[in-house]
Protein chains: 2
Amino acid sequence: MNQKNVSSTVIRRLPRYYRYLTSLKDLGISSISSKELAKRMNITASQVKQDFAAFGWHGLQGYGYDVSFLHTEIGRILGLDTVRNMIIIGAGSLGHALARHAEFEKKGFKIIGIFDTRSELVGQKVNDLEIMHFDNIEEFLAHNKVDIAALTVPASHAKGVVEYITKLGIKAIWNFVPMKLQTDEDVTIENIHLIDSLLVLGYKIKENANIKDD
Amino acid sequence: MNQKNVSSTVIRRLPRYYRYLTSLKDLGISSISSKELAKRMNITASQVKQDFAAFGWHGLQGYGYDVSFLHTEIGRILGLDTVRNMIIIGAGSLGHALARHAEFEKKGFKIIGIFDTRSELVGQKVNDLEIMHFDNIEEFLAHNKVDIAALTVPASHAKGVVEYITKLGIKAIWNFVPMKLQTDEDVTIENIHLIDSLLVLGYKIKENANIKDD
DNA sequence: TAGATTGTTAATCGATTAACAATC
DNA sequence: TAGATTGTTAATCGATTAACAATC
């Protein structure tokens, strides 16, 4: 039932809506007006109404929107009702941190493998997972359904790794390498550029600029 | 000389320009046209020209822009010519990962302290740094100039920590906690919401949607 | 000089906000 | 019924792209 062609700007706001709706539910609040939700989130009521309308979600005049309904719908849109299998490529400290971050598993992103080329790391345990050698990834992928590969390798290795794993059928990459990955059209990439974010923070400090985002 | 009031959209593109300019320099390329740079970055020449014009940077007709000049200027805008002192609050695996990430120090963000409330962690070493107890942060801040606090504590601790450290004079926070931090106007916050990014990736997979961003 | 490419203005596109009639 | 709040259209705002005269 959810409208196609919802803009990416709106999609990127969904996790934030979801967070607020979760806390409203926890507070036992069962309905909320666009005005009140907007106030809490520090956005405009118009935006709330437009965003929900984009998915065809309706409220009730004089009353507002149903919190549980929105919570469930956004959860569904974001795939929180589905378990995704994820592997981590690059078992450096960032890879370790991702593997240990319990939050991902809670949201349905299950980490089922972690790989590295450094033989001194292979066999070490991270949580319950043994680090595997990258050479074994082909076999692993043959036996396991993997939805997402998180990429935490050095920039110098990224190109080769990406070419290799996409050839093996990986269709979604969560990229922590500070560079633009080149892939086929049908591979989905989501970037986390830590250093870019830190540099922007550096800029903001200097300019004492009021850059407002999320 | 740099224009004030450059929009945050443009600012957020600067780290990416910087990366491309660095690689052009490394290739020994000394000048580049907006058309050629745009092609490499997969954006439009108009955008390149508009972006640079916003800072008052000029090229030469029939020739293009000076790579070294742009590289230096963007570096200066982003504060890469300045050393920033950063502390990490929360010595969990994410805090560890940040402390170990050599890239930050290379870009001038020097990590000078890491704090946690868990006494079993205090005294442990991360790189060259001993984890300090959060109770000692006031004294630490009294003796050290700290430009940025990276926040990698559990969500439940975030509010209290932020109130406390901003009271002690912290003016910039690199926030890894998946919630909106409330602070005074003069505190700069830059968010990394890992889970939001992962959820958007989850959405993209399901929709096979072509959400294009950076 | 001829060709390339800037610098800048105008056109387009998309996202956000405002406004208000419809209606619970 | 009266009041509140939606759903939607129109207005505004900002960002991106196109176009082209100026000029190196």
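What you see is a predicted model, and the numbers here were worked out from it, not measured in a lab. Below, chains carry the letters A, B, ... as their sequence lines are ordered, and counting in each starts from 1. Note: hydrogens, waters and symmetry copies are ignored here, and every other heavy atom, side chains too, is used.
Evaluation of the salt bridge (Lys or Arg N to Asp or Glu O under 4.0 Å) rule for K167(A) yields no partner, not counting sequence neighbours. By the ring pair (Phe, Tyr, Trp, His ring centres under 6.0 Å) test, F104(B) is found to be paired with H101(B), W174(B), residues two or more places apart in sequence or in another chain being considered. E103(B) pairs by the salt bridge (Lys or Arg N to Asp or Glu O under 4.0 Å) definition with K106(B), K107(B), not counting sequence neighbours. In terms of the ring pair (Phe, Tyr, Trp, His ring centres under 6.0 Å) criterion, Y63(B) has no residue partners (sequence neighbours excluded). Not counting sequence neighbours, the partners of E163(A) by the side-chain hydrogen bond (donor to acceptor under 3.5 Å, both in side chains) test are K159(A). Residues passing the side-chain hydrogen bond (donor to acceptor under 3.5 Å, both in side chains) test with R100(B): none are found, sequence neighbours excluded. By the salt bridge (Lys or Arg N to Asp or Glu O under 4.0 Å) test, D147(A) pairs with K145(A), sequence neighbours left out. Legend: residues meeting salt bridge (Lys or Arg N to Asp or Glu O under 4.0 Å) with K39(A), ordered by chain and number and at least two apart, are absent.
Per the geometry, NE2 belonging to H58(B) stands 18 Å off P belonging to dA22(D), to the nearest Å. Between D51(A) atom CG and dG14(C) atom P the separation is 17 Å, expressed in whole Å. If you take CD1 of I43(A) and P of dA15(C), they are 15 Å apart, rounded to a whole angstrom. Per the geometry, CH2 belonging to W57(B) stands 18 Å off C1' belonging to dT8(C), to the nearest Å.
Enclosure of atom CG in D128(B) is not indicated, since only 12 or fewer non-hydrogen atoms of other residues, nucleotides or ligands lie within 6.0 angstrom. By the neighbour-count criterion of 12 heavy atoms within 6.0 Å, atom NZ of K171(B) is densely surrounded, having more than that number from other residues, nucleotides or ligands. By the neighbour-count criterion of 12 heavy atoms within 6.0 Å, atom NE2 of H157(B) is sparsely surrounded, having that number or fewer from other residues, nucleotides or ligands.
Contacts with DNA chain C (heavy atom under 4.0 Å) in residues 59-72 of chain B: G59(B), L60(B), Q61(B), G62(B), Y63(B), G64(B), Y65(B), listed by number. Taking a 4.0 Å limit (strictly below) on heavy-atom distances, residues 25-41 of chain B reaches DNA chain C at S33(B), S34(B).
Put simply, R13(B) has a side-chain N or O that comes within less than 4.0 Å of OP1 or OP2 on dT16(D). OP1 or OP2 of dA15(D) has not a single side-chain nitrogen or oxygen of R12(B) nearer than 4.0 Å. Distances shown here put a side-chain N or O of S7(B) below 4.0 Å from the OP1 or OP2 atom of dA15(D).
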* Can you give the dot-bracket line for DNA chain C, using ( ) for pairs inside the strand, [ ] for pairs that cross earlier ones, | for pairs with another strand and . for unpaired bases, where Watson-Crick and G-U count if both distances are under 3.5 Å? -> ..||||||||||||||||||||||
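Under the 3.5 Å distance criterion, the side-chain polar atoms of H96(B) are matched with a main-chain donor or acceptor of A91(B).
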Please tabulate the protein-to-nucleotide N/O contacts below 3.5 Å involving nucleotides 18-20 of chain C, giving atom names and distances.
| from | atom 1 | to | atom 2 | distance (Å) |
| --- | --- | --- | --- | --- |
| dA18(C) | N7 | S46(A) | OG | 2.6 |

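Between R12(B) and D196(A) there is no salt bridge, since none of the side-chain N atoms of the basic residue sits less than 4.0 Å from a carboxylate O of the acidic one.
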